[in-house]
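Note sheet for the following structure.
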There are 2 protein chains.
Amino acid sequence: MQDAIIYIDPDKPVSLQNQIRQKLVDGIINGVFPPGMKLPSSRKLSGQLEVARNTVVAAYQLLIADGYLISRQRSGVFVNEKILESRVAASGRSHTAHEDRSALWMRGNESARRGLSDVQDLPNWSLYPYPFIDGQFDASLFPLTEWREANRLSMSVADVREWSAGSGDADDPMLLEEIRTKILTRRGIQAETDQILVTTGTQNSLYLISRLLTETQITVAMEEPGNSSVRELFRQSGSSVRPQSVDESGLVVDASLSATDVVYVTPSHQIPTAVAMSLQRRQALMSAAHDGDLTIIEDDYECETSYMDHPLPALRSMDSDGRVIYVASFSNVLGPGIRLGFIVADARFIRRARHLRSKILEHPPYNNQRTAAYFLSLGHYDALMLRLGRVLRERRMRLRSALTNVRGIPLEISPEVGGTTYWVRAPSDFDVGNLVLEAEREGLLIEPVSHYYAIQENAENCFRMGVTSLSVDKIRPGVERLMELVRKLVRGQVEHLSTSSGKWLTGDELVKTMAGATLLDREVYGWPCTIVYHPDGTMSGRRGFANEDIDAGRWRVEGDRFYRKWNRWVFGEEKGYFIVIDGDKIKFFNEEQQIVDSLLLRLADKSPEPESRNLDP
Amino acid sequence: MQDAIIYIDPDKPVSLQNQIRQKLVDGIINGVFPPGMKLPSSRKLSGQLEVARNTVVAAYQLLIADGYLISRQRSGVFVNEKILESRVAASGRSHTAHEDRSALWMRGNESARRGLSDVQDLPNWSLYPYPFIDGQFDASLFPLTEWREANRLSMSVADVREWSAGSGDADDPMLLEEIRTKILTRRGIQAETDQILVTTGTQNSLYLISRLLTETQITVAMEEPGNSSVRELFRQSGSSVRPQSVDESGLVVDASLSATDVVYVTPSHQIPTAVAMSLQRRQALMSAAHDGDLTIIEDDYECETSYMDHPLPALRSMDSDGRVIYVASFSNVLGPGIRLGFIVADARFIRRARHLRSKILEHPPYNNQRTAAYFLSLGHYDALMLRLGRVLRERRMRLRSALTNVRGIPLEISPEVGGTTYWVRAPSDFDVGNLVLEAEREGLLIEPVSHYYAIQENAENCFRMGVTSLSVDKIRPGVERLMELVRKLVRGQVEHLSTSSGKWLTGDELVKTMAGATLLDREVYGWPCTIVYHPDGTMSGRRGFANEDIDAGRWRVEGDRFYRKWNRWVFGEEKGYFIVIDGDKIKFFNEEQQIVDSLLLRLADKSPEPESRNLDP
């Protein structure tokens, strides 16, 4: 049988009919099927491609309607000789620039590298099995059904007429109204539609704001550590940027703010520490802004508020004299690909921002504005926030418990401060940058933090781990793989069984020592932890300052190993260790004979054991 | 019967079910339906709203799935008490800014008004019955079926996963490839995908280009008259702008170009004259650019090329050393609302533009990029260009013939130069600005041209009329209404029957004079025109230098009026006139006794009339 003129792939997500059309159009335009060429009959082509004949007939009919093909009665289907007439013939000349000559723009400097970290910028981060990076969008959370529904509504004849021809600098009034009533009210913000400008996302919002605020030379207070791309934006606009420290209540409000004109702040979920600014601090900032006549840029992360138990009101909602410029986006809900965000501010500022926006990009596409408006109007936003909250809460808990069980390596995990992010602190001689690179090779993405600091001496030797970008079942295996890597990297520095000080216990001696022993520890987050190994082979544990978390389990000795299995803790897994006693310390070594934990040991008073009896079930 | 809790409008394009959902969600969020409130049963509500019960049931079910409502077995449907918990209560404080205090951004200057004309900026232009403005999009031409099809493909699970999570500065590779093969080849341009950047339309493209080219102080040559918003863009970036005149072959290429760094040019359809740059002029410009090391910005109007018989190759296709930066958009095909355009240039320039774009707006929305890619891949673009070409050609012909029949008023219509635009020139004492305003009040939008000139002394006393924005059946009534308005405005200056010099003929005297008379004229476009009134009541006419256009008809006299009706000309309508003979001139006056035409008259040699016999059928 003769070869088919095209090939199709039945496994592609594109329908067979559309594949046939695409291939034929490509061939016609590329000249593979020249004008006037007779195509095989639908019967023949369907036989060659092994598709239903109707599929080929339908494809041919559409291409005839489009003018690519022409049907001549009783002689068949041909490539239309006219379809290419309005195309200019390719000149065949190459466009490779003369490397010797330089057009004007080649003489300009290559701009400085962006302030973002390489990891966060990775365009293909989603291909990595363990992307522990915060703020990237997990496409599996995209509200597909709801968006399709809104999209379908926005494609009605009446809607298309409205959004397709629209130009000028206005936004879709329907979207403005929906943002006003369905999103801003969630944040306690009352706004009129003339106080809202739709943008192509937060980057665009901040670009517009920075351009408008820096018409004169200004000083901007920025959180330290803080959002490096915003710092870069203000620096490049000629502003002077003043780092202002962040503590566990958020941006520090003190007298030095009065020396600034503008404060950029991320109160709901500080970038990068994830601290939520306390209500008192918010009030102090608003009052300092009022006294010093400061403008505040409030960069809000809608998504992050959704799983906090008590979301605090936005600064904009506390703003009685129109000095807060509020920035938010749909990226955490609809993904960054759709590029929709908005600014809420005084109507006069919005008017100026709208004018500037029209010079830069006219307006964010109206079809997306209308679709988002329908999405909101059908109530999907609230529902999605609830769902996202549930999902992210679960992931955060999973990361927390995975990190809780990391021991014996020189890393310190900061107590949680809210948000989906944890900071992991390494000793000063540990090369975090190297770990980030090595981890990437293992399929693990973690984020270094030094680029968040304006003053590099402030930078802590830390990396960040977030959970917005990977599913819950990836979290524990990812943490384990990362810790394995850390152990490998610090092998030289980690105590080894063969060279350990103290006494290595095995067999009966090990059983005797452990029976009735109490172990005291502070776990990674700083919680105290007490574990008792009862002589009957059971064990009990209490964590927290008020024993918030209790578990029980069993222990045993087999040969030279000590085994323990908790009911819930450490995922209920049995693990075996080599044990060394060194003064009042007990040291646990893993299969590779590396130390993985070291705790305070109180040996049992071997006679009565009343305490352990009481705790036993 | 008890009142329904909501009202719906069966005439709205939104389905009843969706209306019910929208209204209930609004009510829940606004507190009209407080948490815990019991809703009427589906039976009751459907009765109140007079909709099918299933409609209400479906709306309730979706709201239950979304978490807005809760169903309690055997007791009914209630507003979920939890749905509003994650929302911050409105603080109740007002955001009206203190007029007395001024935040930083209020101290800045209000930016200068944009250089565009008011008329072209009218956001509601499409509501006017006769929008004779060029370059606005006629939403009735939107390829609805084709776009819906492409849109549906872009909403597959696999596609949504790709475009929703995408960030960074890349473009959709599928769209780049489709632009390369389906659009650029039409213009004779060969490009690699790394030479293409997707933008949010031409304004965005030119903003990026102007920012990159003006890192140092440069001189830009701009067409005079030319695109005022681009001139403004370069002026505001600190460049010096040099007007360069335009003649009937496009931008004049002469020695003065060598004093510039950048040339901005619209060769395929000059803005605003609609002149297409000749091939020779294109070659001269490329050679001057090469010799002077100039960068050329080529702003191309794809749509306009589609109905020209022989589209000329783009400058970019003649560019052997990468000095042409080519700009085009989808606005003429898909409308400006979708905001998609692109730049084609040397790969190094594109890299820099991509970097700048990421700082300003990240990237044009990926969902629209993917949909446009499918749209192109299915071959719709070529088909649509053919269709658009047909439609616009028909409209242009209609405008031409409507304007051809404008006589007796002091307006001069410039001969056509291609494109969808005609220039109408008024005498220097005629206030075109006033006409534009008066016309707007009558529902007619025409565009003044003075803002296209960098040097106001160059500005001609003209207005522009285009046909991209109104349907073919609107053109003639619109032109007639406009000319009626012009006659009213120039009433004082127009010759009136009562005060006319010459002799007013009526009755038999009129018949005798007209029988066998020949009228000679140059019509508005400069074509010669000869009309003969034969004694038998027929008439014949020839237009053009080679009598390209011939028509016949009948004339008669009734009382004091002369009536004539052409078979085709003047749309085959019968019209009556008062006739005055003034030396060798014949003057036609309309019903309002205003002069509407004045032609050279050659009276018949009353004896043999051989000529007219010959012409008679």
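Letters A, B, ... mirror the listed sequences (proteins, then strands); counts begin at 1. All values derive from a computational prediction rather than experimental measurement.
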inquiry  = Heavy-atom cut-off 4.5 Å, strictly under: side chain, backbone, both or neither for L144(B) against chain A?
reply    = side chain
query = Does any heavy atom of chain A fall under 4.5 Å from the side chain of S331(B), the backbone, both, or neither of them?
reply = neither
Distance-minimising heavy-atom pair for [X] and [Y]:
| X | Y | answer |
| --- | --- | --- |
| N368(B) | P365(A) | ND2-CB, 3.4 Å |
| V25(B) | L378(A) | CG2-O, 4.0 Å |
| V157(B) | R148(A) | N-NH2, 3.7 Å |
| S164(A) | F137(B) | OG-CE2, 3.9 Å |
| Q203(B) | K359(A) | NE2-O, 2.8 Å |
| A165(B) | P336(A) | O-CG, 3.5 Å |

With only heavy atoms counted, which part of [X] is less than 4.5 Å from chain B, the side chain, the backbone, both or neither?
| X | value |
| --- | --- |
| L334(A) | backbone |
| N151(A) | side chain |
| S140(A) | both |
| R211(A) | side chain |

inquiry  = I need the residue from A139(A), G335(A), S469(A) with the largest number of non-hydrogen atom pairs under 4.5 Å to chain B.
reply    = A139(A)
When [options] are compared by non-hydrogen pairs under 4.5 Å with chain A, the top option:
| options | result |
| --- | --- |
| L356(B), I360(B), L208(B) | I360(B) |
| E149(B), R387(B), E146(B) | E149(B) |
| M155(B), R161(B), R152(B) | M155(B) |

Return the [atom1] to [atom2] distance between [X] and [Y], rounded to the nearest 0.5 Å.
| X | Y | atom1 | atom2 | value |
| --- | --- | --- | --- | --- |
| Q22(B) | L153(A) | CD | CG | 7.5 Å |
| H363(A) | T200(B) | NE2 | OG1 | 8.5 Å |
| H380(B) | L62(A) | NE2 | CG | 7.5 Å |
| N367(B) | T371(A) | CG | OG1 | 8.0 Å |

